[in-house]
Amino acid sequence: MIIKAPIDLELTQVSGQTSQPPWIKTDDSYSDLVCIDTNPSIFHVKQCGENIDFSYTGNISEKQAISKVSEIYDLDFDLSKFYRYLDGHDELKDMSKFCNGLRLFQAKNQFECIISSICSANNSIKRWTKSIYDMKFKWGRNFNNYYLFPDTKSFNDIFLDDEEELLKNGSVENNNLKSCGVGYRAPYMRKASEIFTLEMNLSDISKMSYDEAFETILKVPGVGPKVADCILLYGFGFREAFPSDVWIKRIVSYLYFDGKDIKVEKVREFGMDEFGDYAGYVQLYMFHYARKSGLMERLK
DNA sequence: ACTCAGGACCAGA
DNA sequence: TCTGGTCCTGAG
């Protein structure tokens with residue numbers, strides 16, 4: 001069925017948003033396994049004009065499926081209103097044409113989003129993507145050759161590295177976190193998983209204010225300000241988050257501060273003050289505008 | 001063989 | 001409170 005909401009599916013998929021890696025591409029469509037409550041369902045989306053054509057298999061209602069796919073691709077967000085906002089500001093007005101149809105790629109699973117955001121820190125998109133696929137393939141439940149991200153309970157049982165695998169399993173068969181190329185992030189990821197099993201509750205965070213949620217999630221090892229904002233934006237829908245890394249710093253500095261070097265922490269505060277509820281979207285658009293317009297090359 | 005990029009964290013000022 | 005070194009890996 002066609003869902004009426006303009007989107008550039010390809011752009012949204014490959015834009016490196018840390019909620020989840022791109023879905024599996026086959027011919028002209030993107031597919032992945034999604035869980036609704038405990039029911040697995042395979043979602044297929046393909047570009048159809050400016051909208052997407054959506055279909056699914058699995059034991060869930062059409063209403064549930066549409067609601068979930070709309071959430072993941074953020075289809076209720078009013079893009080044209082956002083473009084009017086961008087067009088109304090000199091610093092932002094080129095962005096809509098470079099990123100037309102780009103939407104937030106919201107997490108289909110919050111735990112996956114948390115681990116995957118921790119994994120993205122100080123990493124490259126390419127390596128990060130491969131690590132997440134590896135983890136799903138090695139330890140995720142499998143339906144029709146699609147894999148779920150492992151849940152907290154099974155994640156807790158994954159060996160950290162060769163040493164631990166050898167000690168507890170007697171042999172080494174790349175059945176550990178480090179074998180997925182996550183490096184020193186492995187212990188962070190496992191600690192985070194333990195925390196979300198025992199101490200922190202995902203649904204509690206959803207109910208908090210942005211500030212409270214930010215402070216709470218910062219306590220998780222491997223989660224600093226940038227990763228916290230990614231988790232809150234993509235995993236919990238806090239649109240006022242403005243995830244700030246070196247690239248956003250360079251872009252904001254170029255657009256708003258005459259190229260002056262400013263602290264990432266200041267960039268974050270600036271973004272939140274300046275863009276309000278559009279902060280998350282502006283951050284996403286800034287990054288892709290810089291990529292596509294050639295600005296990024298010049299800022300290196 | 002070497003240097004570099006990328007956030008979080010920790011020790012020491 | 002801030003600064004600078006270190007962590008791991010793949011790419012150049």
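Both backbone and side-chain heavy atoms feed into the values below; hydrogens, waters and symmetry mates do not. Order of the sequence lines fixes the chain letters, A, B, ..., with proteins taken first and strands second; residue numbering starts at 1 for each chain. Note that the structure is a prediction, hence the values are computed from the model and not measured.
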What nucleic acid atoms does A/Val227 come within less than 4.0 Å of, heavy atoms only: base, sugar-phosphate, or nothing?
sugar-phosphate

Between atom CE in A/Met296 and atom P in B/dG6, what is the gap in whole Å?
9 Å

Output the rounded distance in Å from CD (A/Glu265) to C1' (B/dC9).
16 Å

Take atom CG of A/Asn176 and atom C1' of C/dC8, then tell me their distance rounded to the nearest Å.
14 Å

Could you state the NZ-C1' distance from A/Lys300 to B/dG6, rounded to the nearest angstrom?
13 Å

Taking only N and O in the side chain of A/Lys126, is any of them less than 4.0 Å away from OP1 or OP2 of C/dA11?
yes

Identify, residue by residue, the members of residues 183-193 of chain A with a heavy atom below 4.0 Å from DNA chain C, and return them in order of residue number, or none.
A/Gly183, A/Tyr184

Among C/dA11, B/dA8, B/dG6, the one nearest any side-chain atom of A/Trp247 is B/dG6

5'-most contact on DNA chain C: A/Lys178 or A/Lys263, nearest heavy atom basis?
A/Lys263

Out of C/dC7, C/dG10, B/dA8, whichever nucleotide has its closest atom nearest the side chain of A/Arg127
C/dG10

Would you call the rings of A/Tyr281 and A/Phe77 parallel, tilted or perpendicular if under 30° counts as parallel and over 60° as perpendicular?
parallel

Which pairs, with at least one residue in residues 56-76 of chain A and sequence neighbours excluded, count as a ring pair (Phe, Tyr, Trp, His ring centres under 6.0 Å)?
A/Trp23-A/Tyr73, A/Phe54-A/Tyr56, A/Tyr73-A/Phe105

I'd like to know whether A/Phe270 forms a ring-ring contact (aromatic ring centres under 6.0 Å, His included) with A/Phe257, so could you lay out the CA-CA distance, the side-chain angles of the two residues, the decisive distance to 0.1 Å, and finally the verdict.
CA-CA 11 Å; A/Phe270 170 80; A/Phe257 295 95; 5.1 Å; yes

Whole-Å distance, A/Asp245 CG to B/dA8 P, equals 9 Å

A/Tyr184 vs A/Tyr188 aromatic rings, parallel, tilted or perpendicular, using cut-offs 30° and 60°?
perpendicular

Earlier contact from the 5' end, DNA chain B, for A/Ser124 and A/Pro221
A/Ser124

Using a heavy-atom cut-off of under 4.0 Å over every strand shown, decide if A/Arg250 touches base, sugar-phosphate, or nothing.
sugar-phosphate

Check every strand shown and say whether A/Val246 touches a base, only sugar-phosphate, or nothing at a heavy-atom separation below 4.0 Å.
sugar-phosphate

Would you mind reading off the distance between A/Asp261 atom CG and C/dT3 atom P, rounded to a whole angstrom?
11 Å

salt_bridge(A/Asp157, A/Lys153) N-O dist < 4.0 Å:
no

Residue closer to the 5' end of DNA chain B, A/Asn123 versus A/Val220 (nearest nucleotide):
A/Asn123

When rounded to whole Å, the CD1 to P distance for the pair A/Ile125 and C/dA11 reads 14 Å

A/Asn175 to A/Phe159 - nearest heavy-atom pair and separation
O-CD1, 3.5 Å

Return the value, rounded to whole Å, for the distance between atom CG of A/Leu160 and atom C1' of C/dC8.
13 Å

Run A/Phe155 and A/Phe196 through ring-ring contact (aromatic ring centres under 6.0 Å, His included) and show every step you take.
CA-CA 11 Å; A/Phe155 203 92; A/Phe196 282 99; over 10 Å; no

